[in-house]
Number of protein chains: 2
Amino acid sequence: MATLIAPSNHSPQEDAEALRDAVKGWGTDEKAVIAILCHRNAYQRQQIRKAYQDLHGEDLIKRLESELSGDFERGMYRWILEPAERYALLANVVIRNANKDYHVIVEISCVLEPEELLAVKRAYQNRYKHSLEEDVAAHTSGHLRQAKFSIELLHAEVTISCFEIHFMQLLVGLVSTFRYGGDEINARLAKNEADILHEAIKDKKNNHEEVIRVLSTRSKTQLVATFNRYRDEHGISITKKLLDEGSDDFLKAVHVAIRCINDHKKYYEKVLRNVIKRVGTDEDGLTRVFVTRAEKDLKDIQELYYKRNSVQLEDAVARETSGDYKRMLLTLLGKH
Amino acid sequence: MATLIAPSNHSPQEDAEALRDAVKGWGTDEKAVIAILCHRNAYQRQQIRKAYQDLHGEDLIKRLESELSGDFERGMYRWILEPAERYALLANVVIRNANKDYHVIVEISCVLEPEELLAVKRAYQNRYKHSLEEDVAAHTSGHLRQAKFSIELLHAEVTISCFEIHFMQLLVGLVSTFRYGGDEINARLAKNEADILHEAIKDKKNNHEEVIRVLSTRSKTQLVATFNRYRDEHGISITKKLLDEGSDDFLKAVHVAIRCINDHKKYYEKVLRNVIKRVGTDEDGLTRVFVTRAEKDLKDIQELYYKRNSVQLEDAVARETSGDYKRMLLTLLGKH
């Protein structure tokens, strides 16, 4: 369930006028901006953007960017965008900051339904005039090339770890694929591929191609059946087993992919737990989960959070954040 | 230009009635079937299928399947389907006959525009309840697994050729990707990636990942710029260079991909040349080119054929085929 509280009817024109009042002249009425935009769903926000453009001849997003600042600005910017555009932006930020936060790309590829991911790829192309797959591939492999280059400079006899190549291949595979979205399960295939995954993980055989193939091409329903089968056969979940096997980039990405496909709500609970308990909260992570899930299932994630941490999510967020940013998050959580 | 001659207006109902007359009772009037269906475009054929279903309560395709036979039946079946469904069928036939004709999959992935390929992937999922990518990946890798198994049986110290793994990765990459469809060219990138391709081909370095990345993620316009740059720098086309380097499955697939992206009409002329000059013409290849290109650019391919072979395509086809199949092909070529 969603946490967002949005009125069933609203006037985009009135909202656009009220937002204009909030930003015009000296200073900005941040409370008013939050009270409006953080109580509107994706469709309503797009109506408001359009009305604002028609009435005032400027882009609401650009205007807010110049009026707001810091985490609050980044949060509002991400919140206003419609989902596909927002995911495109989130992916592009990761790509530009190469070699960090690639799990966000795995997350997007594995949490979204096939048609939603396709919409993100279209939005990405509209916005950046490249495909998401080429940017992911070029930037991760650029990182590899750079590593190779430094090694050559050192005249060292080191070869690039296969894991890094596999890491790139997994990422590109996950973003490229257009999975089947149906609910059919092939039980025999689930058994076969549970075995393939088991062999690949257990013996650290050179079977990463098979792990990549299974994770990046099978339907999500089929994969869940495969992971269940894995657990039945081996008495341990595949994610736990992976943790026992080490944590290079490739295995980490595999781990995130499986968690996102298996149960993305539990995955997001863990993301929140990690970003909150860090010294110096990771605001980007916090923002990402709130803006992408507030209209979807943040209430479920919130309940999982309480169950796991014995602390209410709103209390944790209230303690770790402040000012308008805090107000924005709590509003998205349905607490204002 | 197309070779298909279709009337600008027709009555789907009248066509459906005439087809019913042609197939009912003993024997079939194949000439009438050809005269109607091989003079209708994709949209008109779908209208006829619908009208036939409404009027006679049966599927025209199924009926024709039971009335016709041999190359003619396979040809009509493929011709009647709307393009996305037809490509899905062509791909599935290749997948089921594993280890043969994989170039057809490369062809589909590289000749079609991104949106067309996406339509094929949707049609494939509707028809087969799997994704195209998972079937390509599972069947090519199944072939690899089988090979590994035989090696284990022989207790031989042989490892699977990397080329076979790369072959699978290239195929899966090409069918998975949703390329950017815009016309922008980045000249610096074209130079960089022409160099990357050159290094990878020349030294037979272990750089197949880069070849796969470039070919399967860049936009077609960008790739053409890269291939042009290659030729400018090295005085030889990349396809010629590839031929000099050998012909394992991987290099062959790379060759087909580049030719299809660079100039698919020239590629199809070559396909026709090969299928016709074979001892025992390859009817599947002939059918494939005719049914997929008759509404698109078969006239251009025909001209290229004459220029290259000094023989008219219709004469070559008439010499190598016979009966209703011959009549069908020549009608699609605009010669009846």
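All figures in this text were calculated on a predicted structure; none of them were measured in a lab. Note that these values count all heavy atoms, side chains included, but never hydrogens, waters or copies made by symmetry. So that the names make sense, note that chain A is the first sequence line, chain B the second, and so on, each numbered from 1.
Smallest separation of non-hydrogen atoms from A/Ser131 and B/Thr217: OG-O, 3.6 Å.
To the nearest 0.5 Å, atoms CD (A/Glu134) and OG (B/Ser219) are separated by 6.5 Å. To the nearest 0.5 angstrom, A/Lys129 atom NZ is 11.0 Å from B/Asp183 atom CG. Atom-to-atom distance recorded for B/Met168:CE and A/Ile212:CD1 is 8.0 Å, nearest 0.5 angstrom.
When each of A/Gln222, A/Lys121, A/His130 is checked for heavy-atom pairs under 4.5 Å with chain B, A/His130 comes out on top.
Heavy atoms closer than 4.5 Å to chain B are found in the side chain of A/Glu184, but not in its backbone. Looking at A/Gln169, only its side chain comes within 4.5 Å of chain B, counting heavy atoms on both sides.
The contact list for residues 173-182 of chain B toward chain A, using heavy atoms and a distance under 4.5 Å, reads B/Ser176, B/Thr177, B/Phe178, B/Arg179, B/Tyr180, B/Gly181 by residue number. Close approach to chain A, defined as a heavy atom under 4.5 Å from one of its heavy atoms, is seen in B/Glu115 of residues 105-117 of chain B, taken by number.
No side-chain heavy atom of A/Glu209 sits less than 4.5 Å from a side-chain heavy atom of B/Val172.
Within 6.0 Å of NZ in A/Lys296 there are 12 or fewer heavy atoms belonging to other residues, nucleotides or ligands.
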